[in-house]
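Worksheet: one structure, shown below.
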Amino acid sequence: YTYYTFSSKIEGIHSPKQGVCHITLPLPTRLENRQKRSFLRITPPHDFILGAALWCGDDMPRPEILQNLQEWSRPTLLQLPGRTQQFQMLDLSAGGARVGIVNQIIRSYRLQFSAVEQLILMVDLHDPEQDKRLRYWLLCRIQNIWREHATRDIQMGLQFLAWAKPKEGTDSSGEPAGIEWLRLSSASEVESLGNWIMRRHLELFRDSPVDPE
């Protein structure tokens, strides 16, 4: 879905029947793309994806150890640029993501997925504004699963349920302090991720302007 804003004046209002209201507006002279961040999806540019990992099935960390990464199993699948791509980030939004997994990987790792199942997606993103790595752990629910008929590859739509960021500092043994799980915003999105996506979207839009003709 794409959302636009525009300025106009109401020319007329009438109700053809009970419970129905028609508002007449003149055609606006200008539309501005102001898509809601939680609906704004982009295919992350390759140069901005520094890595990703997926935990699912038996590798999902138990609720009581979610704060302690050292007790987690190894990721089920990895995406490391130039090294391995066991799954693909197809698109990303402030409220969800879409990932793809080829059938060979599904068969090799004996993976099975079902709607409403939960998994954890970790993504490392490059933030050029601050020249640093942004790392997000995203607790997701599988919204839908689509299997390509010919190849049997799958795509999964994921909805974010919660997110985590690294805690600052170290613990008493000098190890990283773990991660901190946080709720989504009132708009059901990860706000800082939405800001990153919006900046990338504006860069792409600026580099590929729409021809007014």
Side-chain angles (χ1 to χ4, degrees), residues 1-49 52 88-100 113-119 121 123 125-130 134 136-150 153-165 181-213:
Y1 300 100
T2 302
Y3 296 84
Y4 295 93
T5 61
F6 61 88
S7 297
S8 187
K9 293 183 179 180
I10 296 175
E11 287 186 339
I13 300 175
H14 74 283
S15 179
K17 62 180 180 179
Q18 187 173 1
V20 176
C21 179
H22 290 173
I23 299 177
T24 304
L25 301 172
L27 285 173
T29 57
R30 177 182 175 86
L31 294 177
E32 294 187 28
N33 188 337
R34 294 292 178 87
Q35 193 173 23
K36 289 184 178 180
R37 294 185 312 174
S38 55
F39 294 101
L40 177 58
R41 292 181 175 272
I42 65 168
T43 299
H46 293 296
D47 293 345
F48 289 87
I49 293 286
Q88 185 179 3
M89 292 285 302
L90 300 176
D91 63 40
L92 185 64
S93 77
R98 186 165 56 100
V99 301
F113 299 99
S114 60
V116 309
E117 177 184 346
Q118 292 187 6
L119 51 80
L121 173 66
V123 292
L125 305 172
H126 174 56
D127 181 6
E129 286 79 19
Q130 303 182 63
L134 300 177
Y136 295 94
W137 288 268
L138 302 155
L139 177 63
C140 308
R141 177 173 57 224
I142 299 175
Q143 289 290 91
N144 52 70
I145 304 172
W146 179 79
R147 185 179 291 272
E148 207 281 327
H149 180 71
D153 298 346
I154 69 168
Q155 295 183 15
M156 294 190 296
L158 309 176
Q159 179 185 6
F160 300 155
L161 302 176
W163 68 288
K165 63 180 182 179
W181 284 93
L182 302 165
R183 295 180 178 178
L184 303 179
S185 72
S186 58
S188 298
E189 65 178 30
V190 181
E191 288 188 349
S192 58
L193 178 57
N195 292 336
W196 183 89
I197 290 169
M198 181 63 74
R199 288 194 295 268
R200 305 290 78 76
H201 170 74
L202 293 175
E203 288 171 359
L204 294 171
F205 186 77
R206 181 189 60 207
D207 293 340
S208 303
V210 176
D211 186 346
E213 299 298 325

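The shown structure was predicted, so the numbers you read here are calculated from the model rather than taken from an experiment. Residue numbers start at 1 and run along the sequence shown. Excluded from the calculations below are hydrogen atoms, water molecules and symmetry mates; all remaining heavy atoms, backbone and side chain alike, are included.
- Across His126 and Asp47, no two heavy atoms sit closer than the pair CB-O, 4.3 Å.
- Of the inter-residue distances, the one linking Glu11 atom CD with Thr24 atom OG1 reads 7.0 Å to the nearest 0.5 angstrom.
- Side-chain N or O atoms of Thr43 include one that pairs as donor or acceptor with a backbone N or O of Leu90 at under 3.5 Å.
- In this structure, Glu191 does not pair ionically with Arg183, as no charged nitrogen and carboxylate oxygen lie closer than 4.0 Å.
- Considering Gln88, Arg98, Arg147 as possible partners of Gln155, the one that fulfils the side-chain hydrogen bond (donor to acceptor under 3.5 Å, both in side chains) test is Arg98.
- A side chain to side chain contact (heavy atoms under 4.5 Å, CB included) with Leu138 holds for exactly one of Leu119, Val123, Leu184; it is Val123.
- To the nearest 0.5 Å, atom NE2 of residue His201 and atom CD1 of residue Ile42 are 9.0 Å apart.
- A pairwise comparison of heavy atoms in Gln118 and Leu139 identifies OE1-CD1, 3.7 Å as the closest pair.
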Subject >> From CA spacing to verdict: side chain to side chain contact (heavy atoms under 4.5 Å, CB included), Cys21, Ile13 >> reply: CA-CA 7 Å; Cys21 179; Ile13 300 175; 3.6 Å; yes

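- Atoms CG and CG, from Asn144 and Leu158 in turn, are 8.5 Å apart once rounded to the nearest 0.5 Å.
- Closest of all the heavy-atom pairs between Ser192 and Trp163 is OG-CH2, 4.1 Å.
- The two residues Ser93 and Arg41 come nearest to each other via the heavy atoms CB-CG, 3.6 Å.
- When all heavy atoms of Ala97 and Leu92 are compared, the pair lying nearest together is CB-CD1, 3.9 Å.
- Interatomic distance, CD1 of Ile197 versus CG of Leu40, reported as 7.0 Å (0.5 Å rounding).
- In this structure, CG in Leu125 is found 7.0 Å from OH in Tyr136, a value given to the nearest 0.5 Å.
- Distance check, rounded to the nearest 0.5 Å: NE2 of His22 to NZ of Lys17 gives 8.0 Å.
- Across all non-hydrogen atoms, the minimal contact from Lys165 to Trp137 is C-CZ3, 4.0 Å.
- Panel note: side chain Ser15, backbone Val20; a donor-acceptor pair is recorded below 3.5 Å.
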